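None of these values were measured; they are calculated from a predicted model. Here is how names work: the chains are called A, B, and so on, in the same order as the sequence lines, proteins then strands, and each is numbered from 1. Every heavy atom of this structure was used, including side-chain atoms; hydrogens, water molecules and symmetry mates were not.
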Amino acid sequence: MTPQNILLIPKIERGIVIDHIPAGLGIQVMALIGRWPELEDAVITLGLNYKSTRMGRKDMIKLQAEPLPPRLLQMLALVCPGVTIKRIERFEVVEKVVVQVPELFDNLARCINPNCITNAEPHVATRFRRIESGSRNFKCAHCERVCSLDELAGHLKA
Amino acid sequence: MKNDLISIDDLGLEQILDYLDLAARVEALPNAEKAGLLPGKILATLFFEPSTRTRLSFESAMCRLGGRVIGFSESANSSTAKGESFSDTIRTVEQYADVIAVRHPKEGTARLAAEIAGIPILNAGDGANQHPTQTLLDLYTLRKFFGQVDGLKIALVGDLKYSRTIHSLCRALLAFDGVAMTLVSPESLRLPGYLTQAAAGTTATFRESESLADAIRDNDVVYMTRIQKERFPDLVEYEKVKDCYRLEAKMLEGAPARLKVLHPLPRVNEISPDVDATPHAGYFEQARNGVIMRQALILDLLDARP
């Protein structure tokens, strides 16, 4: 990171950095983080629209807390797959993981089909399986409707 | 582990052929022997929307196997009218029966029932999604008439856009070898693109035609469907196409002798009653095959294959 960028985004001593968030999605990721009461007291830095060689522009979030709740990680895989999660200790990156599109989303989203039984009985756990490796389309395990990752991301469960 | 039948997409070709073989074995059994196969067993037919034909076919299948039937034929007659959830209905009824056939206007209900219940579930139609017993009985009918499904030339006629029966049959036919499908429909009711695209990499072929007369001349099977009024948001559009493909006996003069006309029934205007008396009418035998195929499926799911 260049000295100029360090001025823009202060380093943290310990915690988690969510990097390479597509520009414009940072606010949405913040809203997701806000769902977790255990992260309520964490100091959070939100950076929007940074220059990025790889992405052109990107957003970034630094949390002085760890670990990230597993369900939050799963939601990141749905909303912005490709983000990098870095664990920081003593100002250094000690672990780095790129969030991939998984084969299955387990009870993270509502079905986009209004006539799917899972929307009539919201206690039912939804499942969406990737239709084939590499695809960004998923199939509802119940009604078999195929939808895109973006459509699912717009139907996150509460 | 219990077995269910929820979606034709869950079945590979081998399983489909196994069900067709089983149905043939069941059909060949003497009635007296059949009637002793499932004594004391109970089928629950939970029909949250009316479907007289499918329900009676399931019930006849079970009764002829020596089992008994309980159930309801529309949700107004069930606890759903009192506000009970679908999940609770399934959890309750599984205490009363050995196997459940469920039909529901919402998609995904049969899969949910299978997840909840400890007893086998048969999907008798979930909304616009699946109706696998219809597909299996259609395949059984094709094999009975022609000896095999591979290589058949089949015209699918009418509402190819909304017909669940057609979508499901198409997907199943792709698994067979070299089935040639002719799609005959008005422009507004064409088969969805994802189904024709699914043929890529298979030996099946599709071609479109607007002429029913050509379809009769060139095919082994003409599979007619009803244009479903309830599917049209605009009734003016329905009026435009409702009678566009009507099959009459005189149109079958000169048709190949082996040609069979099938229809999932109920028909309205799309097949004239004068076709019934021709040797081409196969739809009532198709309905009869529904009972046989459902007998085979019930026996399989109850682990009571003859």
Task: Min side-chain heavy-atom separation A:E144-B:Q130 under 4.5 Å - done: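 SC-SC contact between A:E144 and B:Q130 confirmed.
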Task: Choice from B:A114, B:A128, B:S87 maximising heavy atom contacts with chain A below 4.5 Å - done: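 Greatest number of close heavy-atom pairs with chain A: B:S87.
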Using only non-hydrogen atoms and a strict under-4.5 angstrom cutoff, which residues of [range] touch chain B?
range	result
residues 20-41 of chain A	none
residues 91-110 of chain A	none
residues 113-123 of chain A	A:N113, A:P114, A:N115, A:C116, A:I117, A:A120, A:E121, A:H123

Task: Residues in residues 5-14 of chain B that sit under 4.5 Å from chain A, counting heavy atoms only - done: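 B:S7, B:D9, listed by number.
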Open item on the list: Main chain of A:C143, side chain of B:R111: is a donor-acceptor contact present, judged purely on distance under 3.5 Å?
Closed with: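 Judged by distance alone, no pair lies under 3.5 Å.
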Open item on the list: Let's go through A:R127 and B:E115 carefully: what are the C-alpha distance in whole Å and the side-chain angles of both, what is the deciding distance for side chain to side chain contact (heavy atoms under 4.5 Å, CB included) to 0.1 Å, and is it a yes or a no?
Closed with: CA-CA 12 Å; A:R127 292 190 312 284; B:E115 286 170 4; 2.8 Å; yes
Open item on the list: Just checking B:K2: does its NZ atom have more than 12 heavy atoms from other residues, nucleotides or ligands closer to it than 6.0 angstrom?
Closed with: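 Count over threshold, so yes.
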